[in-house]
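Residue numbers start from 1 in every chain, and the chains themselves are labelled A, B, ... in the order their sequence lines are given, proteins ahead of strands.
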Protein chains: 2
Amino acid sequence: MNQPIEPGFAAAGAAGFQPLYREVKRLLTQSLIEGEWPAGAALPSETRLAQRYKVSIGTLRKAIDELVAERIVTRHQGRGTFVATHNANRLMFHFFHIVGRDGNMEYPTTRTLAFRRGKAGAGEAGRLSIAVGEPVLRIRNLLSLSGRPVILDDIVLPQALFGDLTEKIFTARDNTIYHLYQTRYGINVLRSSERLSAVLADADAAKLLQVKKGAPLLAINRTALTYRDTPVELRLSLVNTAAHEYASDLGREDRG
Amino acid sequence: MNQPIEPGFAAAGAAGFQPLYREVKRLLTQSLIEGEWPAGAALPSETRLAQRYKVSIGTLRKAIDELVAERIVTRHQGRGTFVATHNANRLMFHFFHIVGRDGNMEYPTTRTLAFRRGKAGAGEAGRLSIAVGEPVLRIRNLLSLSGRPVILDDIVLPQALFGDLTEKIFTARDNTIYHLYQTRYGINVLRSSERLSAVLADADAAKLLQVKKGAPLLAINRTALTYRDTPVELRLSLVNTAAHEYASDLGREDRG
DNA sequence: AAGTGGTCTAGACCACCAT
DNA sequence: TGGTGGTCTAGACCACTTA
């Protein structure tokens with residue numbers, strides 16, 4: 001765990017030259033994956049981490065700078081560096097992209113309509129990097145804003161990653177879905193890749209979203225990813241954009 | 001131009017504490033706005049810039065780090081630091097978000113259908129930060145992929161920023177639209193803010209995009225921004241997503 | 001008061017590029 | 001060969017938090 005690192009050629013190989021701070025970042029990421037510091041926990045101080053990896057403070061900080069940029073950890077001056085936790089704020093700024101046409105942001109209420117077990121189809125298996133036919137969980141949620149249904153979510157989870165997850169556990173959560181993944185299953189969703197298109201409401205979606213059949217809906221195809229871009233969740237969202245829109249740049253960090 | 005800077009309190013004021021590298025970044029941005037280094041030009045070396053602003057190399061580099069992150073300048077080891085230019089690559093990775101459903105990326109061909117002068121409506125004026133009734137240019141483009149029309153763009157430009165722009169100049173460009181803005185009018189589009197929704201094709205759009213009236217289309221409402229988030233262009237894109245999708249994360253920078 | 005992260009400095013050495 | 005950006009170091013000082 002305290003193996004010395006040499007600058008420059010330390011991680012050289014098939015991947016080519018890697019600067020020392022990247023190697024330090026890799027080791028930090030490895031410890032995060034292994035759960036050495038669970039969600040919300042403080043990392044050792046920068047001084048101690050620099051000693052542990054036998055690098056200077058500046059190099060250690062450059063490694064953490066990148067983890068901060070990827071929102072994997074957060075720094076608090078005077079307090080320390082912490083493993084970022086999933087909560088309502090992180091959801092609203094980095095994963096929930098629906099805003100009112102007036103610009104207002106609102107936290108959605110969720111109702112679970114279905115919770116079923118099934119097997120991965122070809123497309124799902126490919127996107128989840130699992131084998132066709134592997135067991136999956138299928139969850140359907142209806143999300144409301146200001147009391148009105150706006151989004152119909154169909155979630156697909158690889159059963160293998162969510163050992164004991166039941167409908168009861170899922171609906172009994174008192175925080176975001178990603179917070180449940182993080183705290184109960186040690187699965188830390190770090191970012192998502194989304195593909196958007198326009199579709200017409202079928203009878204099913206129309207009824208649930210209270211629109212006419214054939215009404216235009218925004219379809220958001222999301223793959224949620226954890227460390228090293230490993231996929232952990234698929235989600236198809238159908239959004240009634242009559243009074244809401246998808247915002248592409250909510251999580252943008254402001255710089256001077 | 002070579003005024004000395006004091007650390008810490010240098011830029012303190014209503015905006016509160018500003019670190020020295022932010023003040024240096026502000027001065028660099030000011031020089032970029034004033035055209036001291038035009039598009040594609042090399043900035044002075046880091047050593048010289050550090051002398052000019054009377055800061056250490058490390059502080060100067062931290063300022064440039066942020067400009068690089070915002071894609072305002074690009075660094076090339078051994079060559080220097082350059083003002084980022086608009087070209088096909090930058091368009092494809094940071095502004096054109098439409099990809100094939102098979103994942104393929106393709107550079108679109110553009111046909112200009114209309115080029116008219118008009119006055120800003122209330123909504124446009126607000127989004128462009130100009131007065132209602134101010135003169136604007138309205139440009140309609142049809143974009144094709146693999147020879148088939150896929151996107152209908154309606155662009156609104158504040159006339160004041162694009163002095164001599166005519167349809168002839170616009171259509172005679174041999175590069176991207178943003179490259180034309182940058183090189184001919186000194187307007188450097190740095191990022192865009194987008195709001196997406198689903199709509200039904202009206203007769204007009206249906207004919208141009210070769211879909212049935214009432215077909216679902218993805219509507220992308222974009223505001224293009226330059227330095228200090230000043231709006232310089234509005235663009236409404238109607239996209240036929242039958243064979244294409246909007247990708248939310250094309251320009252993502254990969255980190256180790 | 002002690003410990004944390006944030007800023008700033010000065011300098012060394014390296015890889016890369018143009019000539 | 002000389003100049004450029006990229007990395008790494010060592011240390012000082014500051015602001016902030018907690019106790």
Side-chain angles (χ1 to χ4, degrees), chain A residues 4-12 15-28 37 40-69 72-84 253 255-256, chain B residues 4-12 15-28 37 40-69 72-84 253 255-256:
Chain A
I5 314 173
E6 291 172 28
F9 290 99
F17 174 87
Q18 279 273 83
L20 184 51
Y21 70 86
R22 279 290 169 82
E23 176 64 9
V24 172
K25 180 188 176 189
R26 198 184 63 74
L27 293 170
L28 286 167
W37 311 297
L43 272 62
S45 75
E46 297 184 341
T47 310
R48 244 166 261 158
L49 285 173
Q51 291 168 350
R52 166 167 166 176
Y53 298 120
K54 305 201 193 316
V55 300
S56 73
I57 286 274
T59 299
L60 186 280
R61 278 185 61 81
K62 194 156 183 180
I64 295 200
D65 280 346
E66 295 205 342
L67 295 176
V68 169
I72 294 171
V73 301
T74 58
R75 288 201 268 228
H76 296 280
Q77 190 172 4
R79 295 208 288 133
T81 304
F82 302 83
V83 181
E253 55 265 44
R255 295 192 180 85
Chain B
I5 314 173
E6 290 171 30
F9 291 100
F17 174 87
Q18 279 273 84
L20 184 52
Y21 70 85
R22 279 290 171 83
E23 175 65 8
V24 171
K25 181 189 176 189
R26 199 186 62 75
L27 293 171
L28 286 167
W37 310 298
L43 271 63
S45 75
E46 298 184 341
T47 311
R48 243 165 262 160
L49 286 173
Q51 291 168 348
R52 166 166 165 177
Y53 298 120
K54 305 201 193 317
V55 299
S56 73
I57 286 274
T59 300
L60 187 279
R61 278 185 62 81
K62 194 155 183 181
I64 295 199
D65 280 345
E66 294 205 343
L67 294 176
V68 169
I72 294 172
V73 302
T74 59
R75 288 201 268 226
H76 295 280
Q77 189 174 5
R79 295 209 288 133
T81 304
F82 303 83
V83 181
E253 56 263 48
R255 295 192 180 85

Polar atom pairs (N or O), protein with nucleotides 3-5 of chain D, under 3.5 Å:
residue: D:dG3; atom: N2; partner: B:G78; partner atom: O; Å: 3.0
residue: D:dT4; atom: OP1; partner: B:R48; partner atom: NH2; Å: 3.1
residue: D:dT4; atom: O2; partner: B:G78; partner atom: N; Å: 3.2
residue: D:dG5; atom: OP1; partner: B:T81; partner atom: OG1; Å: 3.3
residue: D:dG5; atom: OP2; partner: B:E46; partner atom: N; Å: 2.8
residue: D:dG5; atom: N2; partner: B:Q77; partner atom: NE2; Å: 3.0

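- Separating the CG atom in A:L49 from the CD1 atom in A:I64 is a distance of 5.5 Å, to the nearest 0.5 Å.
- Rounded to a whole Å, the CD1 atom of A:I64 is 12 Å from the P atom of C:dT4.
- Here the C1' atom of nucleotide C:dC17 and the CZ atom of B:F82 are 10 Å apart, to the nearest Å.
- Separating the CG atom of B:L49 from the C1' atom of D:dG6 is a distance of 16 Å, rounded to the nearest angstrom.
- C:dT9 atom P lies 19 Å from atom CD1 of A:I57, rounded to whole Å.
- Put simply, A:K62 has no side-chain N or O that comes within less than 4.0 Å of OP1 or OP2 on D:dC8.
- With rounding to whole Å, A:R22 atom CZ is found 13 Å from D:dG6 atom P.
- Distance check, rounded to the nearest 0.5 Å: CZ of A:R52 to CG of A:L28 gives 7.5 Å.
- At the phosphate of D:dC8, neither OP1 nor OP2 sits under 4.0 Å from any side-chain N or O atom of A:Y21.
- Between D:dT7, C:dC8, C:dT7, one nucleotide has an atom nearer to the side chain of B:L20 than all others, and that is C:dC8.
- OP1 or OP2 of C:dT9 sits under 4.0 Å from a side-chain N or O of B:T59.
- Shortest non-hydrogen contact noted between A:G40 and A:F82 is O-CD2, 3.7 Å.
- Remark: B:D65 CG to B:L60 CG distance equals 10.0 Å, nearest 0.5 Å.
- Separating the CD atom of A:E23 from the P atom of D:dT7 is a distance of 15 Å, rounded to the nearest angstrom.
- To the nearest 0.5 angstrom, A:T74 atom OG1 is 8.0 Å from A:R79 atom CZ.
- In this structure, A:Q51 places its CD atom 14 Å from C1' of D:dA10, rounding to the nearest Å.
- Taken to the nearest 0.5 Å, the CZ atom of B:R61 stands 4.5 Å off from the CZ atom of B:R75.
- No option in B:E46, B:Q51, B:K62 other than B:E46 meets the side-chain contact (heavy atoms from CB on, under 4.5 Å) test with B:I57.
- Residue A:L60 contributes atom CG, which lies 14 Å from atom C1' of D:dA10 at whole-angstrom precision.
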